[in-house]
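Beneath this line is the structure, given in C-alpha cells, with notes to follow.
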Amino acid sequence: MAHFGNLLTVPYTFKVDYTIGKMNSIDIDTTPISLEKLTVEGADGFNPKFIENVISPLLQTSTQSIGDLVKDGNKVMQQLRFLGNFRDVKLLFDLDTESKPKFDEFNNALTNITGTIHLHPLPKSNIRIKNVHNDAYNYINASYSNNNVFGSGENLTINSMYNFRTLSQNLNIYFSKPTINTSLRLFGDFNSIKTNDTIYQSTNQNSSSLQFGLIKQKYCKHSGALATLTGGFNIVNRNIHDVDDSANDEVKIYAGGSLKNSIFLNILSTNMKFLTSSGFKLPMNGFSVGVNNEVSGIASLIDASSHSEDQFYKLNVNLDYVKSFLGNGLTFSSNFKFGSILNFNALNGGTIHFQDKFYPIVSGNETPIMPLKSVGAGSFLSYNFGVYTKAGLIDINNPIRLYYSINGCTTSNEISKIGELKNLNDWKHGLDVGLVYNKGENSARLSWKQSLDSDKPGKFGFEVDIAGDL
C-alpha cells in the first residue's frame, strides 16, 4: 500500500488576512483594486516555474474587488497546502502606498494592493532510525524521505525493516509527483517482503508488489473533513516455499510461485483532531471513514477461458468516532471494521490466496481470529470500544493516558453470494487495559489483555517504539 509520503493527512485551517493597515475601512465587495506586487517568501528549493503555476490564480486574475482577490487567494492557499511541504502557509494583503495611482477603463481610481505569501517549509529530507520492541516483535526500521526531490514537490520515501525475532525483511520505495493541480498526484509504490511466519503453515514466504495510480484530495468545508481518493493497479508476485507436510490444502495449492493482478479504489475521509503534543497520534475528537475496494483477476474475468488467476472482489470498511469531554480529560472512542471477499470463481473450485485474506486480532488471543481449519478469514466483523482518561496528576496536555477497552470479532470464510454473510455469528471478545504514551514516532504502552472466551489468566505486555533522526 502507498504510504502517501508528504501527502496531507489531516484536515487543515487557513485564513487570508486582508485586514491589515488601513484596509478595514475599504468595502471589500465593491472597491476596485489593482494587485501591484505578489511576493513569495520561504519557497527556496522549489522550481520558480512550478511555484508560478501554483500561484497563477492570483497572477492571471481579472479581480475587481478585495473580496474576489481573497477568493483567488483561498485557491492558492489550498494548492500550497496540498503539497504537504509546509508547516504553515499565510497570505497577507495590504495597501500599496508606493505605486503610482491607476484607473480602470471608466476612469475610476483603483486601490493599489500588495500581497505576500509566507511559507514555513518542513525539512526537505531526513534519515530516521526506529526500533520497535514488544512481546511478538523486535525490529529495526531505517527510512529516508525527501519531499522535494526535483523542485516540484516530488516525494521519495525509502523504508527498510528487519525483524530480529522472525528474521523477516521488508523494503519499500514510494514516489509521488503532484500535477499542476497539487491536489492530484501520480504515485508508484514498490514493496518487497521476505517473511518466515508459521501462521501460513510454511517457513519461507517471499513477495514483490508494485502499485501505481492517482491520488486525489479534497477539503470538504461543510464537514470539515479531508477526503483522499486513491486508485490504480496492483501487481503482486508471490513465492511460498517449505510448506509443512500437514498444511491445509489452501496453502499447498499456492506452493511455489503465483501472480496477482488487480485494480483498487480506496476512499478515506477524516476530520479527526489530535492532542497537539502527541504529534497527530492521540485522537481527541472527530471521525474517520475508510473504504478499500479491490478487484483481482481482471484478465480472467474478461476472458472466461482463462483461470490462471484468483478472481475476487475484496471490500474492507473502517469506521472511527472519537469524542472528548472535560477539557480532553475524558475521551470515548469507537471503531468498527468489516471485511469480506467475494469469490467470483467459487462454483468452479476457484480459491483465494491466504495472503489476501484478513487476520483480525482480539485482545487476549495470541493468534489472529479465523474460521476453524482455515488459514486467514474470508470475511470478518469487529468492534472496539475504548475510554481514555487523564493519568493521575500528570498534566492533561501531556500525551499520556490510561485506557480501558473491550473488543471483539467474528469471522467466516470467503463468500460466493451476499447471503453467506449470515455465517458471521461466532464472536470472540477481549479486554485491554493499560497506560499509553504517544508522541510522534515515539510511543510506549503497558497493557493487560484478557480473553473473555477463555479461562486462562490475562497477560501483561509492554511495547516501546523509539525513533530518532540522523
Side-chain angles (χ1 to χ4, degrees), residues 9-13 130-137 223-226 268-290 317-338 360-366 369 381-410 427-454 456-467:
T9 56
V10 294
Y12 60 88
T13 58
K130 182 176 182 178
N131 180 253
V132 177
H133 178 80
N134 57 32
D135 295 337
Y137 304 105
S223 64
L226 176 69
L268 175 65
S269 179
T270 178
N271 70 349
M272 197 69 73
K273 304 295 189 299
F274 297 83
L275 187 69
T276 303
S277 61
S278 73
F280 304 109
K281 292 296 182 180
L282 196 61
M284 291 287 103
N285 288 286
F287 70 84
S288 178
V289 179
V317 179
N318 188 3
L319 307 175
D320 285 285
Y321 180 75
V322 179
K323 183 68 176 179
S324 291
F325 302 91
L326 303 177
N328 293 337
L330 178 64
T331 302
F332 294 92
S333 68
S334 61
N335 170 264
F336 297 93
K337 294 180 180 178
F338 168 75
I361 298 291
V362 173
S363 297
N365 292 265
E366 296 183 356
I369 307 301
L381 179 64
S382 70
Y383 72 89
N384 189 312
F385 297 112
V387 179
Y388 292 79
T389 65
K390 180 176 177 289
L393 299 177
I394 298 176
D395 190 290
I396 200 170
N397 292 315
N398 282 334
I400 300 175
R401 293 293 188 271
L402 292 169
Y403 72 91
Y404 320 83
S405 71
I406 181 171
N407 51 85
C409 177
T410 177
W427 285 88
K428 304 293 182 183
H429 308 273
L431 290 175
D432 184 4
V433 180
L435 180 70
V436 62
Y437 168 83
N438 274 321
K439 188 170 185 178
E441 293 295 319
N442 297 288
S443 66
R445 181 186 296 265
L446 179 64
S447 63
W448 178 77
K449 299 180 180 181
Q450 170 69 59
S451 171
L452 299 182
D453 305 287
S454 171
K456 293 182 179 180
K459 184 178 180 180
F460 283 97
F462 178 71
E463 178 176 329
V464 60
D465 302 6
I466 301 175

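Sequential numbering from 1 along the given sequence is applied to the chain's residues.
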Test side-chain hydrogen bond (donor to acceptor under 3.5 Å, both in side chains) applied to [X] - qualifying residues, sequence neighbours left out:
X      : result
Gln450 : none
Thr331 : Ser324
Asp432 : Tyr403
Lys428 : none

| field | Pairs flagged by side-chain hydrogen bond (donor to acceptor under 3.5 Å, both in side chains) wherever residues 274-289 is involved - sequence neighbours left out | value | none
Beyond-backbone contact of [X] with [Y], side-chain heavy atoms, under 4.5 angstrom:
X      : Y      : answer
Met284 : Tyr388 : no
Ile400 : Leu435 : yes
Ser363 : Leu431 : no
Asp453 : Val362 : no
Ser269 : Phe287 : yes

| query | With no hydrogens and no angle check, is any side-chain donor or acceptor of Thr270 less than 3.5 Å from a backbone partner on Met272? | reply | yes
| message | I'd like to know if the side chain of Lys273 and the backbone of Asn271 have a donor-acceptor N/O pair within less than 3.5 Å. | response | yes
| message | Can you classify the ring geometry of Trp448 versus Phe460 as parallel (below 30°), tilted (30 to 60°) or perpendicular (above 60°)? | response | tilted
| query | Closest approach of Tyr404 and Val433, non-hydrogen atoms and distance? | reply | CD2-CG1, 3.7 Å
| field | Shortest non-hydrogen contact from Pro283 toward Val322 | value | O-CG1, 3.8 Å
Rounded at 0.5 Å granularity, tell me how far [atom1] in [X] sits from [atom2] in [Y].
X      : Y      : atom1 : atom2 : result
Ser334 : Leu319 : OG    : CG    : 8.5 Å
His429 : Ser451 : NE2   : OG    : 9.5 Å
Ile369 : Cys409 : CD1   : SG    : 6.5 Å
Asn131 : His133 : CG    : NE2   : 8.5 Å
Leu452 : Asn407 : CG    : CG    : 8.5 Å
Asn398 : Leu275 : CG    : CG    : 8.5 Å

Would you be so kind as to tabulate the donor-acceptor pairs closer than 3.5 Å made by side chains of residues 436-444, with sequence neighbours excluded?
| unit_1 | atom_1 | unit_2 | atom_2 | d |
| --- | --- | --- | --- | --- |
| Glu441 | OE1 | Lys130 | NZ | 3.3 |
| Asn442 | OD1 | Ala467 | N | 2.7 |
| Ser443 | OG | Asp465 | OD2 | 3.3 |

With [X] via side-chain contact (heavy atoms from CB on, under 4.5 Å) - residues at least two apart:
X      : answer
Leu330 : Leu326, Phe332, Val387, Thr389
Asn318 : Asp320, Asn335, Lys337
Ile396 : Lys390, Arg401
Phe462 : Leu446, Val464

| said: Just to verify, what does Phe336 make a ring pair (Phe, Tyr, Trp, His ring centres under 6.0 Å) with, not counting sequence neighbours? | reply: Phe385
| request: May I have the step-by-step check of side-chain contact (heavy atoms from CB on, under 4.5 Å) for Tyr383 and Phe338, ending in yes or no? | output: CA-CA 9 Å; Tyr383 72 89; Phe338 168 75; over 6 Å; no
